[in-house]
A.B. asks: 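Supplied in structure tokens, the structure appears directly below.
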2 protein chains.
Amino acid sequence: MLDDVDLKILKIIQNDAKYPLEKISQEVKLPKSTVAYRIKKMEKEGVIKGYYTHIDPSALNLDYLVVTMIKAKYGQNYHETLGKKLAQLPGVWGVYFILGDIDFIVIARFKNREEFLNNFLEKLINMPEIERTSTSVIAKTIKETPFQIL
Amino acid sequence: MLDDVDLKILKIIQNDAKYPLEKISQEVKLPKSTVAYRIKKMEKEGVIKGYYTHIDPSALNLDYLVVTMIKAKYGQNYHETLGKKLAQLPGVWGVYFILGDIDFIVIARFKNREEFLNNFLEKLINMPEIERTSTSVIAKTIKETPFQIL
DNA sequence: TTTGAAAAACTTATTAC
DNA sequence: GTAATAAGTTTTTCAAA
């Protein structure tokens, strides 16, 4: 479905969404219009899902990061509803459903401990689908490049 | 440092890096040149760290996702060196240093179980700084929007 | 730091192959 | 799917406030 040229294009734009068509065309040695055609096609097919601006969280004082492990209560569709609820909590950017002793890993960002407690942990406690939770504070983000996949 | 207009601009472009200046200028009710000036300023100051293309990992068959918990051996600068080593492993996009029983949480993406074993786990095993590891397979990514912070 | 206008750069549309 | 050109947009520059 994707050939080498597509991959080369993706590799170029994944870290620089505004990289000019002209330069891409030089690097892949195809005319601008062809590169444009291929990019549009990948957008339509869902290979390219969007173009994001990477904003430094620290600039907004979002320096209180946490990872929370969640075990859901055993029951019918607890996982389904709980996953959705977790994804909607303010500050939460990552919700992963995993196989094992824990059911969910949630990664979230807050301004400070108070916001974490009031906007997040307080709400977790009131969710009936949750059996237990365990939160760790992230002391340092060493790497965070989810969209760098090539 | 950032005023309401800056925040409004960031909010618009965080999910659409290619949103035209003209439309932004209409929405914040300031001329294009002013909006351009502010964006450039935020780029220089590091508030805006880049523009990424969101590529669907499934399009590249990167559907084997894992979360690995790592405990480092007790020692001098094990954490520092280990953190760097983990960040360089292929497939790894998230490395978080946490406070608690575990030292690192690593999130990575592979094509299949074999690539995970050969390119990742095999290498972990050979790192002398590691005390023990525990890996969970992510059954479902419910949310993953690290750069959506506004 | 803001602004408007002009220039430069970039993207899209069109057509043909 | 590729390619060339033309048309249309968007971004950048710049002098002035």
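Predicted, not measured: the structure shown is a model, and the values here were computed from it. Convention: sequence-line order gives letters A, B, ...; per-chain numbering from 1.
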A.B. asks: A36(B) side chain: which of dT11(C), dT12(D), dT10(D) is closest?
C.D. replies: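 Nucleotide nearest to A36(B)'s side chain: dT12(D).
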A.B. asks: Could you give the CG-to-C1' distance, from L30(A) to dG1(D), as a whole number of Å?
C.D. replies: 10 Å
A.B. asks: Among the nucleotides dG4(C), dT2(D), dT11(C), which one has an atom lying closest to any side-chain atom of T34(A)?
C.D. replies: dT2(D)
A.B. asks: Counting only side-chain nitrogens and oxygens, does S33(B) get under 4.0 Å of the OP1 or OP2 atom of dG4(C)?
C.D. replies: no
A.B. asks: Are F116(A) and Y64(A) close enough that their ring centres sit under 6.0 Å apart?
C.D. replies: yes
A.B. asks: Run the side-chain contact (heavy atoms from CB on, under 4.5 Å) check on I13(B) and I55(A) step by step: do they pass?
C.D. replies: CA-CA 10 Å; I13(B) 64 176; I55(A) 300 163; 5.6 Å; no
A.B. asks: In whole angstrom, give the distance that lies between atom CD of E43(B) and atom C1' of dT11(D).
C.D. replies: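 Value for this atom pair: 12 Å.
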A.B. asks: Taking the side chain of P31(B) as its heavy atoms from C-beta onward, which of dT11(C), dG4(C), dT12(D) lies nearest to it?
C.D. replies: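 Selected nucleotide (nearest to the side chain): dG4(C).
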A.B. asks: Between Y37(B) and dT1(C), does any side-chain N or O lie under 4.0 Å from OP1 or OP2?
C.D. replies: yes
A.B. asks: How long is the line joining CD1 of I39(A) and C1' of dT2(D), in whole Å?
C.D. replies: 15 Å
A.B. asks: Do the side-chain N and O atoms of E131(B) and Y78(B) include a donor-acceptor pair separated by under 3.5 angstrom?
C.D. replies: no
A.B. asks: What is the distance, to the nearest angstrom, from the NZ atom on K32(B) to the C1' atom on dT3(C)?
C.D. replies: 12 Å
A.B. asks: Could you tell me the separation between the CZ atom of R38(B) and the C1' atom of dT2(C), rounded to a whole number of Å?
C.D. replies: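 Value for this atom pair: 9 Å.
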A.B. asks: If you draw a 6.0 Å radius around NZ in K11(B), do more than 12 non-hydrogen atoms from other residues or ligands fall strictly inside?
C.D. replies: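 It does not: K11(B) NZ has 12 such atoms or fewer within range.
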A.B. asks: Round to a whole Å and report the spacing from OH of Y19(B) to P of dC10(C).
C.D. replies: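 Atom-to-atom, Y19(B) to dC10(C), this comes out as 23 Å.
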A.B. asks: Any side-chain N or O of K40(A) less than 4.0 Å from the OP1 or OP2 oxygen of dT12(C)?
C.D. replies: yes
A.B. asks: Want to settle it: does D3(B) or K18(B) sit nearer the 5' end of DNA chain C, counting the closest nucleotide to each?
C.D. replies: D3(B)
A.B. asks: Between R109(B) and E144(B), is the closest basic N to carboxylate O distance under 4.0 Å?
C.D. replies: yes
A.B. asks: Would you mind reading off the distance between L21(A) atom CG and dT9(D) atom C1', rounded to a whole angstrom?
C.D. replies: 14 Å
A.B. asks: Could you check how far CD of E22(A) sits from P of dA4(D), rounded to whole Å?
C.D. replies: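 In whole Å, dA4(D) P and E22(A) CD are 13 Å from each other.
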